[in-house]
Every structure is written in structure tokens, then in C-alpha cells.
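All values below were derived from every heavy atom in this structure, side-chain atoms included, with hydrogens, water molecules and symmetry-related copies excluded. Keep in mind that this is a model prediction, so the values were computed, not measured. Within every chain, numbering begins at 1; the chains are lettered A, B, ... in the order of the sequence lines, protein sequences first and strands thereafter.
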Amino acid sequence: MDTRDAFRHNVLTSGHRACSGCGEAMAARMVTDLIGPEAIYVNATGCLQVFSTHNQQSAWQAPWIHSVFANAAAVASGVEAALRARGEDTPVIVQAGDGGTFDIGLQCLSGMIERGHDVLFVCYDNEAYMNTGVQRSSSTPHAVRTTTSPPGRVSEGKHHLKKDLISIVAAHRMPYAATATVAYFPDLRAKVDKAMRIKGPRFLHVLSPCPLGWDHDAALSVTVARLAVETGLFPLIELEYGAVTGVTRLARQQPVEEYLKLQGRFKHLFADKGGAEEIRHLQALADANIRRYGLLDANTEWDTDRASQTQRHGRGGYAASSREVSP
Amino acid sequence: MKSLLEGSRAVAEAVHLCRPQVIAAYPITPQTHIIEHLAQFVADGDLSAMFINAESEFGAASIVLGAVASGARAFTASASQGLLLMTEVLYNIAGMRLPVVMVCANRAVGAPINIFSDHQDSMSVRDAGWIQLYVESNQEAVDTVIQAYRIAEACELPVMVCMDGFFLTHTFEPVEIPQQTAVDEFLPPFHFARALDPSRPMTLGGGSEPDNYLEYRAGQHRAMEQARDVIEAIDADFSDHFARGYGGLVDPYRVAGAETVTVTLGSTMGAVRDVVDTLRENGMAVGALRLRCFRPFPAQALIHCLAGAKRIVVLEKAFSAGAGGIVTGELRAALHQAGLATPVEGVIGGLGGRDLTPAVIEAIFRRAATGASSVACRFADLNSDAAPST
Ligand SMILES: Cc1ncc(C[n+]2csc(CCOP(=O)(O)OP(=O)(O)O)c2C)c(N)n1
């Protein structure tokens with residue numbers, strides 16, 4: 001697999017119908033071009049599936065299958081089992097939105113991880129059901145305006161917190177789970193490369209801004225994603241066998257307003273006192289991430305301690321293979 | 001040589017003989033013994049397949065979908081609540097024209113929850129685009145599973161082998177398990193032309209719009225229509241290989257000269273045959289017909305066998321609440337289409353495992369034979385004392 005030129009494979013080629021500035025299209029293009037066409041891609045229902053296939057046209061230049069909304073991880077389990085039964089080890093990749101991962105697809109995802117299937121599951125998280133018109137998902141952050149969590153006389157938008165999916169996934173004690181965004185390509189590339197060298201279930205959570213649903217300038221998708229990281233709202237982390245093994249530190253923390261004010265989905269928070277309280281709440285959530293993951297700390301022994309990493313590596317599931325990274 | 005085997009064990013042996021590469025399932029009574037036996041074959045190294053314990057029936061159906069799309073022969077089994085949980089995926093498998101084979105260990109659907117047999121589960125997914133074959137005996141279950149892979153792979157359509165829960169799955173009968181070499185001769189290895197493969201990248205399951213969705217659906221219907229001949233031909237070929245056949249689509253019993261014919265499905269036919277014999281001995285002109293293939297609906301084959309009947313009773317173990325018997329309605333439509341005005345009485349019975357005893361069946365025949373006006377839909381053996389107050 002040639003990864004010298006990240007955009008050479010054109011696994012997701014041009015001519016598809018994504019909106020301008022679509023973070024999911026950007027993320028999918030980066031991820032699939034890093035992985036290349038020698039893989040089988042399984043897609044959940046959602047924007048990516050809709051804008052990339054249409055009436056016998058397809059933007060995919062690799063084997064690609066879509067079944068239904070909730071079952072991508074299970075379809076991928078079957079694909080992988082079929083390959084294993086024949087002694088082949090073509091990589092199997094799932095691509096799903098946050099709805100197809102956090103909500104309706106979570107059960108199949110958990111089953112896939114628990115059974116140890118050799119599949120990389122990539123969630124393109126645009127923090128709502130975008131394909132059906134920006135409805136709230138369990139990934140939608142607190143206080144966001146969506147079409148089913150509208151701010152109103154007695155509401156400041158979504159009432160509940162964004163589900164901490166990466167912790168839920170990592171709690172399966174799987175070989176590798178990581179977060180990334182479209183804003184930090186070298187970080188994303190390093191995580192895709194690492195995921196592709198590991199055998200067993202792997203999970204990549206890619207924050208993918210949606211200009212339509214987040215209501216920001218289509219030219220600012222990367223800026224918005226970068227601010228999500230720099231505020232501490234979306235920490236870039238890696239977990240192996242349930243433990244945090246990598247954290248992308250921040251040089252300094254941006255106040256959450258810098259992130260919120262670029263996006264119409266938070267506009268109502270700047271209108272009144274109730275909104276100001278929600279902004280303080282969001283700042284507190286960002287600060288909690290900073291503390292939890294040590295985002296402003298210098299690198300510690302924890303990042304490099306081989307003994308603790310070795311300790312974490314005991315596991316069941318599939319036997320180690322040549323693609324496994326030695327701890 | 002015949003051996004005395006539980007139905008589930010016999011079916012598991014048949015699946016084994018078909019050399020599946022991927023088996024995925026989720027347990028539900030009365031399907032459990034089938035998958036437990038398969039798990040044991042794999043655990044003992046006798047069957048080299050991937051055995052995948054799915055997290056739900058929805059997952060199990062999705063796993064076999066993915067496996068078959070990747071070119072592997074696959075198997076799953078379910079029943080009742082589990083089959084209904086698969087529904088979305090069942091339609092998807094059929095729409096993608098994936099030759100999946102599954103066994104439905106027919107069971108009632110809740111509420112009230114009931115583990116015993118009727119046909120409400122598989123009948124409820126009759127429109128999903130799966131071929132449905134209902135078997136009468138454990139021997140037929142074994143043989144039909146083997147036929148099902150040939151049919152599915154020839155037609156690129158999924159096949160559901162429906163066998164009555166407990167009455168067949170948990171009952172010991174003498175069964176002949178075919179030799180592996182004979183099955184290998186009858187069933188060549190699976191080759192799927194549209195398999196997911198990086199050397200020939202293809203898109204499966206892409207979007208469609210008003211300008212071509214209709215054509216995909218019409219194509220699916222055409223494939224089902226053409227499957228009738230394939231099912232008959234493969235049953236005939238099976239009987240050339242194994243000296244056992246089941247009539248392909250329909251299985252008539254003493255319909256020649258019969259004035260009153262009962263149409264039924266599945267294991268009920270065993271008792272119906274006995275009752276026909278008894279009544280024939282008493283000089284009554286009765287016969288019976290077993291609908292082996294319900295999807296595609298074999299209208300012509302039915303008309304061919306039933307054209308001489310004066311009255312028909314359909315005895316079925318499922319219904320559409322507010323409309324009546326499902327087979328009853330379809331048979332009436334087929335007769336009408338053929339220009340026949342034969343009265344058809346619709347009888348629902350045997351729900352939730354209630355025995356359809358010879359006495360109950362005989363009463364159905366006798367009532368119909370009097371020529372009393374046929375009833376659109378009635379329940380046999382209805383015990384008004386047991387009915388809850390509403
Ligand atoms: C079972 C089922 N329920 C609902 C839908 C409707 N639906 C299609 S895509 C979608 C939202 C997808 O959201 P997400 O997974 O976040 O992906 P996105 O479109 O945002 O990329 C929904 C609700 C469906 N196709 N299937």
C-alpha cells in the first residue's frame with residue numbers, strides 16, 4: 001500500500017454530491033485514500049452513502065457495500081468472517097455517521113468489538129442526523145440547536161450531554177481506539193496508519209464539521225474542527241486495551257466562545273442570560289476534558305511507560321498476527 | 001442407512017454437508033438446538049466454518065448478508081421474535097439478491113409470548129422477497145436445506161426453509177443423512193459473481209430514485225416468478241440423486257376424484273393424510289394438498305391440482321388480523337384468476353402450538369363436505385372457556 005501521496009488513490013473520487021465544505025466528505029477522502037483500494041468498505045446509511053452513490057452511479061473506486069442504517073458493523077463482521085474462512089486478510093473498513101455509531105448502530109458495533117473482528121470502524125461524527133435534516137443524536141453536544149432540539153421559550157436547545165462514546169468503545173478493552181479531526185491531517189494519518197498495522201477491532205472517531213447542520217461558513221470547516229480541539233471540547237486521544245496511551249497536547253486553551261460564535265447552532269446561547277449559563281456549562285465541560293486528559297500538561301512518563309503498556313496488552317480474541325504492532 | 005435423529009440435529013447435519021463457511025446466529029427457542037449442534041461441529045473441528053455468536057438476530061442476518069456478499073456460503077436460523085427482529089435485513093438481503101439460506105423454526109409471535117409452533121413468524125415476512133419452503137418431516141427438512149442452497153445460488157434469491165418448531169425441531173424421526181460425496185456432486189461450490197473483491201471493485205447497495213427503483217423491484221418479482229421452474233427442476237434432480245422428492249411446489253395427496261380438498265402447510269399434513277385415508281375408507285371423496293412452496297406462490301400448480309375439487313378448505317396456522325387466513329386469500333385470488341368459483345373455507349388452527357388432532361381435522365372435513373356455505377374465516381378448536389374477557 002502506497003501512502004506517500006495521501007490523495008493518489010481517489011478511493012472516494014470526485015463528482016459526488018456532498019455539500020461544499022462537507023467535513024464528512026473531507027474526512028472520508030482522507031481516511032480512504034490513506035487505506036487505499038485494497039480493502040472492503042462497509043457503509044451505514046447516512047450522508048456519506050447518499051452523496052456517494054446515486055442511481056447506478058458510484059464515487060467508490062474500491063469494493064463498497066451498504067446494507068441498512070444500524071448494521072454496518074455486523075455486515076463488516078460477516079465480510080471479515082468470509083475472508084478469514086478463505087484465509088484472506090483484505091482489510092475491512094466500516095464508515096458510519098454518529099447516528100449509525102452512537103445510537104442505532106451501537107449494538108452491532110459492540111458485538112463486532114466484543115467478538116474481536118479484524119475490522120476498522122470509522123465514525124464520521126457531525127454531531128447530528130444530517131442526512132435526514134439535522135435532527136439531534138446522542139452525539140449532539142449540550143445546548144445545540146437541531147431541528148428536534150430547537151431552542152424555544154423554555155429551552156436552550158439539546159438538554160443532554162454528548163455521549164462519551166470513545167470511553168464506551170474503549171471499555172471493550174479493544175486493541176485501538178482514537179479520536180481525530182479533519183483539522184490535523186498528520187495526526188489523522190498517524191492514527192489511520194497505526195490502526196491499519198494492528199489486528200483486531202479498531203475504532204476511529206473523526207470529528208467532521210457540517211456547514212449545513214452546524215450553520216457555519218463552508219470555508220471554515222477546518223477552522224471549526226481545529227477550534228473544537230483547541231478549546232478542549234474534542235480531545236485528540238488514543239486508547240489501547242482500554243487505557244489512554246496517547247494525548248495530543250495543546251499549546252494553549254482557547255475559550256469555548258471562539259468555537260461557538262462561528263456556528264449558528266450555538267447562536268441562541270448569545271441571546272440571553274440562560275444562554276450565557278449554558279456557555280459557562282460548555283466551558284466547564286471543556287475544562288473537565290483538559291483536566292481528565294492532561295491536555296495542557298507536558299508529556300509524562302505515562303505516555304512512554306512501556307511496562308504499563310505491556311501490562312495492558314493481555315487480551316482474548318484473535319491470535320496475534322504479523323500485522324500486530326509489538327507493544 | 002437411516003438413523004433416529006432429533007429434527008434439529010438432522011438439519012444441522014444437512015447444513016454441515018453443504019459446507020457453509022460462515023454461520024451466524026442468535027438463540028431463540030425452538031431454533032436453539034440447530035445452532036448448538038453446529039457450534040459443536042465447529043468446536044470439534046468437524047466443520048471448518050466461522051461460527052459467529054451474533055449480538056442479536058438483526059446482527060446475525062447482517063453477518064450472513066456480509067458473508068454472502070463476500071462470496072462465502074452462509075447459514076443462519078431463527079424464529080418468531082427473532083425473525084421479526086431480522087425483518088429490515090431480510091428485505092435488504094433479498095433486494096441485493098444475495099443467496100442466503102436460513103431455517104425458520106416456526107413459532108408463534110407475541111403478545112402473548114408463546115414459544116410453541118405456528119406459522120405467524122414466517123408468514124409475516126412473506127413480502128420480503130425470500131423463497132419460502134415449508135417442510136412436513138425431518139427427512140424433508142434435511143433434503144430441503146440441501147436443495148435450498150442449489151435454488152438460492154441458481155436464482156440469486158434467499159431461501160427460508162420453514163420447519164415447525166417442536167413438532168419437527170424437537171422430535172426424533174428416522175432420517176437418512178446423505179453421503180458427503182453425493183451432496184458434493186449435487187451441490188457445487190458457491191461462486192458469487194458480484195462478490196466484494198478489490199480486484200473487481202463493485203458498489204453493492206447504492207441509492208436509487210423514482211426513475212429506477214420500480215425496475216429493481218420488478219426485476220425481483222420476475223426472478224421470483226422464474227424460481228418456480230428452478231425449484232421444481234432442483235427437486236426433480238434431487239430425487240434423481242437421492243431417490244427422494246417432494247413434488248417441487250405442491251404435494252397433493254389423493255386429490256384425484258376428491259370433492260373436498262384440504263390445503264395445508266408443514267407438519268400438519270401428516271395428520272391430514274391419516275384423516276384422508278380414514279374418510280376415504282368410509283367412502284368420503286376427500287383429498288389434501290400440501291403447499292410446499294409458499295413464495296413464490298404456485299398458483300398454476302395449485303389450480304392444476306384443485307381444478308376438480310367441489311370445495312376447498314384451507315387449514316393454516318397464521319392469519320392477518322382483520323382480514324383472515326393468508327393462504328386462504330391468495331388461493332381464492334388464484335381460483336378467481338383462473339375463472340373458477342370453487343368455494344374456499346378459511347380455517348385458522350394450531351396457533352401457539354395447539355395440537356391439530358385427527359379429530360379436529362376430521363370435523364373440519366366433515367363440516368365442509370356437507371356443502372354448508374363456506375365461511376370466510378373461522379378458528380378451529382376454539383375453546384370459548386379459555387378466552388380472556390376483553
Ligand atoms: C432504521 C432507520 N431509521 C431511520 C432512517 C432514516 N435515516 C437515514 S440516514 C439518517 C441519519 C444519519 O445520521 P448519521 O448516522 O449521523 O449520519 P450523517 O447523515 O449525519 O452523516 C436517518 C435517521 C433509516 N434509514 N433507517
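For Thr53(A) (side chain) and Gly207(B) (main-chain N/O), a donor-acceptor pair under 3.5 Å exists by modelled atom type. Checking side-chain atoms of His66(A) against main-chain N and O of Gly205(B) turns up a donor-acceptor pair under 3.5 Å.
Identified by a heavy-atom distance below 4.5 Å to chain A, the contributing residues of residues 59-69 of chain B are Gly59(B), Ser62(B), Ile63(B), Leu65(B), Gly66(B), Ala67(B), Ala69(B), in residue-number order. Within residues 80-98 of chain B, the residues approaching chain A closer than 4.5 Å by heavy atoms are, in numerical order, Glu88(B), Val89(B), Asn92(B), Met96(B). Scanning residues 208-223 of chain B against chain A with a 4.5 Å non-hydrogen threshold yields Ser208(B), Glu209(B), Asp211(B), Asn212(B), Tyr216(B), sorted by number.
Within the 4.5 Å cutoff, the side chain of Pro201(B) has no heavy atoms near those of the Gln61(A) side chain. Side-chain contact between His117(A) and Ile52(B) is present, with at least one heavy-atom pair separated by less than 4.5 Å.
Only the backbone of Ala39(A) comes within less than 4.5 Å of a heavy atom in chain B; its side chain stays farther off. In this structure, the portions of Ala81(A) lying under 4.5 Å from any heavy atom of chain B include both its backbone and its side chain.
Residues passing the side chain to side chain contact (heavy atoms under 4.5 Å, CB included) test with Phe51(B), sequence neighbours excluded: Ile23(B), Ile35(B), Leu38(B), Ala39(B), Val42(B), Asn53(B).
Arg17(A) CZ: 12 or fewer foreign heavy atoms inside a 6.0 Å radius. Other residues, nucleotides and ligands contribute over 12 non-hydrogen atoms within 6.0 Å of the CD atom of Gln180(B).
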Pair Leu196(B)-Trp64(A), side-chain contact (heavy atoms from CB on, under 4.5 Å): steps then yes or no: CA-CA 7 Å; Leu196(B) 294 164; Trp64(A) 183 95; 5.9 Å; no
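Considering Cys108(A), Ser110(A), Ser77(A) as possible partners of Glu55(B), the one that fulfils the side chain to side chain contact (heavy atoms under 4.5 Å, CB included) test is Cys108(A).
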